[in-house]
Structures are given as C-alpha cells and as structure tokens.
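See structure below.
Chain letters run A, B, ... following the sequence lines, proteins first, then strands; residues in each count from 1. Atoms considered below: every heavy atom in the structure, side chains included; atoms not considered: hydrogens, waters and symmetry mates.
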Protein chains: 2
Amino acid sequence: MAYTVGQVAKAAGVTVRTLHHYDEIALLSPSGRSGTGYRRYDDADLERLQHIRYYRELGFPLEEIAAILDDPASDPAAHLRRQHELLSVRIRKLQEMVTAIEFAMEASKLNIPLTPQERFEVFGDFDPDAHAEEAERRWGGSEAYRESNRRVSGYTKDDWLRNKAENEDWGRRFAEVMSSGAPADGPAAMDLAEEHRQLISRWFYECPYEIHTGLADMYVADERFTAYFEKIRPGMAAYLGDAIHANAITRA
Amino acid sequence: MAYTVGQVAKAAGVTVRTLHHYDEIALLSPSGRSGTGYRRYDDADLERLQHIRYYRELGFPLEEIAAILDDPASDPAAHLRRQHELLSVRIRKLQEMVTAIEFAMEASKLNIPLTPQERFEVFGDFDPDAHAEEAERRWGGSEAYRESNRRVSGYTKDDWLRNKAENEDWGRRFAEVMSSGAPADGPAAMDLAEEHRQLISRWFYECPYEIHTGLADMYVADERFTAYFEKIRPGMAAYLGDAIHANAITRA
DNA sequence: GCTTGACCCTGACGTAACGGCAGGCGGGAG
DNA sequence: CTCCCGCCTGCCGTTACGTCAGGGTCAAGC
C-alpha cells in the first residue's frame with residue numbers, strides 16, 4: 001500500500017509541512033518517490049510515523065527520536081513497551097498536578113497562602129508516591145471537586161460574600177462552644193460540626209460523613225489548615241476534628 | 001516576601017532566562033526592582049507564575065496565557081477550576097493512548113497489521129468515551145500489561161522463536177480438534193483452551209480466567225483478531241471463544 | 001577595606017520545529 | 001483541453017527559549 005503526503009498527513013493528524021520537515025531532517029523519508037517526484041509512503045513508513053508521533057507527544061526532540069528509532073538494539077515491540085511505560089509515568093505526574101490543584105483550591109477557599117514549594121512542588125524533581133493515594137482517600141477520586149466546580153462557577157460576588165459571612169458566623173459560634181467548656185463530643189459541638197458539614201454540602205459539594213472526617217483529618221494533620229483554625233481560636237483544629245469524628249460516628 | 005530571579009527560578013523549576021523572557025514579553029514582570037536594578041518577585045508574582053506553569057504544561061502559547069491571565073473576568077479560583085478540567089481531559093487522552101498502545105502490542109504479538117486509522121486514531125479528533133472502560137474491563141487496568149512488559153523485555157531472539165513455535169504447535173493441535181468434530185465445550189477443546197491460557201501466563205502475563213474470557217471476546221468481536229484465527233482454520237475464532245468460555249466456567 | 005565567587009544585569013545571536021507563502025509542475029474528472 | 005486540486009522546492013517568519021559576552025553586585029571571609 002502506498003500513500004501520498006496528503007493522505008498520510010490527514011490520517012496521522014499532522015500537516016504536509018511537517019512531513020516535509022521530517023523528510024528534510026531524514027527523520028522520516030518516504031520509502032520511495034513516484035516518477036514525477038511525488039513522495040510515496042508505505043506501511044513501514046506509517047509505523048515509523050506512529051512511533052514518532054507517540055514519542056513527540058511524550059516530549060522527545062526530533063533528533064532524539066531519530067536516534068532511538070534508528071537504534072538497531074530496539075525493535076518496534078520495544079518501542080511500544082517504552083512508550084507504554086513513559087505514558088504511565090506521564091499520567092501519574094498529571095494526576096499529581098490534579099491533586100495539587102485540588103489542594104490549592106481548598107486552600108484558597110480558606111484564604112490560606114501557599115508557600116513557594118507548595119505552588120511548584122509538582123514541577124520540581126522531588127520524590128513522588130503515596131501522595132495521590134492520600135488525596136484519593138480524602139476526596140474519593142475528586143468527584144467531590146468536580147461537583148464543587150460545577151456549583152462554584154455559577155456563584156456571584158454576592159454569593160461569595162454570603163458564603164463568607166455564614167462561614168464566619170459558624171466560626172464565631174463554634175469558638176463560643178469551645179469557650180463554654182463543652183466537650184468536643186458533646187451535643188453542642190457535634191451540632192456545629194454537623195452544621196459545618198451541611199455548610200460544605202450547600203456551598204461546595206455533597207459532603208457525606210466519610211469525606212467530612214477526611215477533611216477533619218486534614219485540618220488536624222496539615223499545618224496550614226491547622227493554622228487557619230488556630231487563628232480563630234487556639235486548639236480549634238483538634239477540637240473541630242474531634243467534633244466532626246464524634247458527629248460522624250453517632251449520626252452515620 | 002520578596003525573591004530574586006534565581007530563587008524564583010529554582011523554586012518554580014524554570015531557568016533564569018525564562019523569567020527574563022517572561023519579563024521581556026510582559027507576561028510576568030516582577031512587582032519591583034531593587035535599587036541596583038535586581039528583579040524582586042513577591043507572592044502575587046509567584047501565584048501568577050504558578051498559573052503560567054500549569055497553562056504551559058497544558059500546551060498553551062505564552063500569548064494566550066497572558067490574555068487569559070489578564071482577563072478581568074476570571075479570578076485565580078476560576079483558573080484553578082479551568083486547569084483542573086483541562087488536566088482531566090488531558091489525562092483521559094493519555095489513557096486512551098495507553099490502551100491504543102496495548103492494542104498495538106497485542107496485535108503485534110499475533111502479527112496482525114494495523115490500518116492507518118488504527119495507528120493514529122488517538123491523535124485525530126474523533127469521538128472518545130466508553131473506550132477506556134472497555135480496556136479496563138478486558139485487562140484489569142493494564143496490570144497484566146505491565147507484567148507482560150517486565151517479562152518480555154528480558155526475552156532473547158531465541159525465546160521469541162520458541163514462543164512462536166509453541167504457539168504454532170498449539171494452533172495446529174487446536175485445528176485438529178476442530179477437524180475431529182469435537183464440540184467446543186468438550187474436554188479436548190477445553191484442554192487446549194486451558195493450555196492457551198497457560199501459554200499466555202507462561203510467556204506474557206498471569207492470565208486468570210476472567211482475563212482469558214476477555215481475550216476470547218476480543219478474538220471474536222474484533223475482526224482483526226478474528227481474521228488471524230480464521231487464517232489458521234475457518235471458524236476457529238468463534239470455536240476458540242466458546243472453548244475458552246466453557247473452560248473458564250467449568251474450571252473456575 | 002579588599003578580595004572572591006556566586007549572582008544579577010542587558011544585549012545579541014542561535015536553535016528547534018515547524019507555519020506560511022511563492023512560483024511552478026502534475027493529474028484526473030468533465 | 002481545461003480547471004482545480006495536490007504536489008514539489010525554496011525561503012522567510014515565529015515561538016520559546018538556550019547560550020554566550022561583557023559588565024555590575026553582594027555577602028562572606030581574611
């Protein structure tokens with residue numbers, strides 16, 4: 001089977017100019033030419049182009065692609081395996097970026113400033129792992145966030161103000177309960193924990209008890225969230241965490 | 001908090017030159033300068049750079065990034081939401097590419113040629129959906145493939161030859177059973193189906209009954225795989241599919 | 001107070017991977 | 001035979017930086 005530049009370009013989703021370029025730099029030279037000088041690509045050329053496209057998508061420079069494709073030590077199957085592996089790595093990285101964004105969203109909701117490291121940790125070359133799993137457990141595969149996005153995108157400035165007011169009002173009342181000396185697993189604290197859950201459900205995303213306790217753990221474990229609540233009243237993060245857990249256990 | 005170019009560059013994982021460039025084109029101009037002309041970046045600048053990095057990772061040209069960041073209609077939270085959405089789309093596309101590669105690997109194992117469309121379908125702008133789910137069901141999240149990759153990468157030319165020989169031998173014997181008139185759910189066919197499963201387990205990846213039946217379905221449903229088996233003996237694809245299912249039911 | 005090495009500045013040119021034309025030939029459908 | 005579309009080969013333009021060159025700066029140590 002022989003194909004013209006135009007046909008190949010259309011099939012592969014590239015421009016004719018790109019194929020000309022690949023020919024110029026000898027990355028992909030058509031296996032033949034017609035009598036009148038037209039480029040003729042065959043199936044082997046297409047396979048090569050397929051690999052080129054995948055490696056390009058993975059960010060390899062053309063020169064490097066030429067080198068690895070012309071390396072006699074690796075056959076087509078080896079390239080497929082390699083691409084598979086690289087794609088998997090890429091996907092994991094993007095998933096990390098997603099959880100980083102989710103973190104930033106949560107932080108911005110509470111007006112918690114991010115440190116430079118936090119802003120860019122996904123871009124640097126630090127250690128990965130375990131991180132994505134954490135977030136998955138916390139937010140159940142970010143379904144909650146998708147929901148949150150849908151809703152929040154419709155909010156007006158006014159909505160935000162009301163949200164903030166409600167939030168502050170809740171904070172005040174919660175601090176009062178703490179001051180009264182009531183236990184975190186008592187009815188007053190639990191009622192406000194429940195109110196907190198419903199606040200989130202109403203304004204951001206459906207927040208069942210498991211997710212709520214996940215948030216509670218984050219409020220306690222993560223110093224930035226901790227600091228946010230501590231600023232309202234010292235000891236509030238831990239107290240709120242306990243109240244949320246108690247509330248979840250008795251009501252769920 | 002104020003940072004120098006070098007500090008910002010290091011934190012954000014870019015070069016100083018890049019920051020100079022962003023300053024030149026007014027994409028990110030530091031909020032101030034020291035008395036001696038040194039650039040001073042503050043936290044707001046970092047936030048902007050954070051968005052720039054995400055949009056860049058998503059493939060946006062700098063000019064466009066400048067436009068959307070300077071658009072007064074969208075605040076930081078809107079950018080986060082947008083980036084979240086775009087990243088999700090990106091991840092889905094890469095996952096499609098992964099399954100396409102897995103398909104190509106399976107096809108190359110059986111020497112089935114791919115059509116141009118098949119080679120490049122993930123690059124064109126066609127309809128997505130449902131596709132990834134399919135593959136997930138078939139191969140259980142590609143864990144099988146990872147396993148396969150690990151093993152296959154250690155194979156020598158000799159291994160491949162022995163694999164091919166075993167495979168062909170199996171094909172011959174299976175065709176004989178068909179010719180003998182034995183039913184697909186009879187012991188002879190089922191034994192060879194089981195042998196097929198163990199062949200895969202031994203050479204490529206641990207192949208439990210569910211995955212084996214998944215493969216069986218693919219052999220029947222996909223014309224390229226069907227054609228492969230039909231060439232050995234007409235009717236073989238369906239017959240093998242039945243045998244694998246019968247084997248899975250009785251042995252599992 | 002002076003050196004020194006790491007850091008910063010502004011040009012200015014280089015590069016990768018094409019995009020986009022111009023000017024001209026080819027080819028097949030009517 | 002014509003017409004339009006597809007192909008050819010230059011060749012210049014563009015994006016997003018990389019890479020010096022030549023020169024000022026800052027803080028630490030002697």
Side-chain angles (χ1 to χ4, degrees), chain A residues 1-42 45-46 48-70 116 120 123, chain B residues 1-42 45-46 48-70 116 120 123:
Chain A
M1 260 298 191
Y3 312 87
T4 68
V5 255
Q7 290 169 332
V8 172
K10 196 174 170 193
V14 298
T15 66
V16 170
R17 181 64 182 84
T18 297
L19 293 177
H20 283 174
H21 183 60
Y22 290 172
D23 192 2
E24 271 175 39
I25 64 173
L27 170 60
L28 175 67
S29 300
S31 54
R33 294 274 187 142
S34 78
T36 54
Y38 281 29
R39 291 175 178 79
R40 319 247 81 186
Y41 294 84
D42 65 14
D45 295 331
L46 286 192
R48 189 175 169 95
L49 179 54
Q50 176 193 342
H51 290 307
I52 292 172
R53 288 238 58 192
Y54 274 97
Y55 279 126
R56 275 257 67 197
E57 183 74 30
L58 286 163
F60 284 74
L62 298 185
E63 198 172 348
E64 202 167 331
I65 295 177
I68 55 189
L69 286 183
D70 293 336
F120 304 107
F123 295 110
Chain B
M1 263 299 189
Y3 312 88
T4 68
V5 256
Q7 289 169 332
V8 173
K10 194 174 171 195
V14 299
T15 66
V16 171
R17 180 63 180 86
T18 298
L19 293 176
H20 284 173
H21 183 60
Y22 290 173
D23 192 2
E24 272 175 39
I25 64 173
L27 170 60
L28 175 67
S29 300
S31 55
R33 293 276 186 140
S34 79
T36 53
Y38 282 27
R39 292 175 177 79
R40 319 246 81 186
Y41 294 84
D42 65 12
D45 295 331
L46 287 192
R48 189 175 170 94
L49 179 55
Q50 175 192 344
H51 290 307
I52 293 173
R53 287 237 61 191
Y54 274 98
Y55 279 125
R56 273 256 68 198
E57 182 74 31
L58 287 162
F60 283 73
L62 298 184
E63 198 173 348
E64 202 167 331
I65 294 177
I68 54 189
L69 286 183
D70 293 336
F120 302 107
F123 295 110

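- At whole-Å resolution of the value, CG in B/D23 and P in C/dG11 are 12 Å apart.
- Closest non-hydrogen pair, A/S34 versus A/R40, comes out as N-CG, 3.6 Å.
- Looking at heavy-atom distances under 4.0 Å, B/R40 makes no contact with the nucleic acid at all.
- If you take CG of A/L27 and C1' of C/dA17, they are 11 Å apart, rounded to a whole angstrom.
- Rounded to an integer number of Å, the gap from B/H20 NE2 to C/dA12 P is 16 Å.
- Rounded to the nearest 0.5 Å, atoms NE2 (A/H21) and OG1 (A/T15) are 10.0 Å apart.
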Could you give me the CA-CA distance, side-chain angles and deciding distance for B/F60 and B/Y54, then say whether ring-ring contact (aromatic ring centres under 6.0 Å, His included) is met?
CA-CA 9 Å; B/F60 283 73; B/Y54 274 98; over 10 Å; no
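- With a 4.5 Å cut-off on side-chain heavy atoms, B/Y41 and B/L49 do not count as touching.
- Scanning DNA chain D 5' to 3' for nucleotides with an atom closer than 4.0 angstrom to a non-hydrogen atom of chain B gives a first and last hit of D/dA16 to D/dC26.
- Checking side-chain atoms of B/R53 against main-chain N and O of A/F120 turns up no donor-acceptor pair under 3.5 Å.
- A straight line from CZ of B/R17 to P of C/dT10 spans 11 Å, rounded to a whole angstrom.
- Here the P atom of nucleotide C/dC7 and the CD atom of B/Q7 are 10 Å apart, to the nearest Å.
- Rounding to the nearest 0.5 Å places CZ of A/R56 at 11.0 Å from CD of A/E64.
- For the contact set between residues 30-39 of chain A and DNA chain C, defined by any heavy atom under 4.0 Å, the members are A/T36, A/Y38.
- Mapping A/T4 and A/E24 onto DNA chain D by nearest heavy atom places A/T4 closer to the 5' end of the strand.
- Each of B/D45, B/V8, B/T4 was scored for a side chain to side chain contact (heavy atoms under 4.5 Å, CB included) with B/L19, with one residue passing: B/V8.
- The shortest non-hydrogen separation linking A/L27 to A/R48 is O-NE, 2.8 Å.
- Each of A/T18 and B/G6 was matched to the nucleotide of DNA chain C holding its nearest heavy atom; the match closer to the 5' end belongs to B/G6.
- No side-chain heavy atom of A/V5 sits less than 4.5 Å from a side-chain heavy atom of A/Y38.
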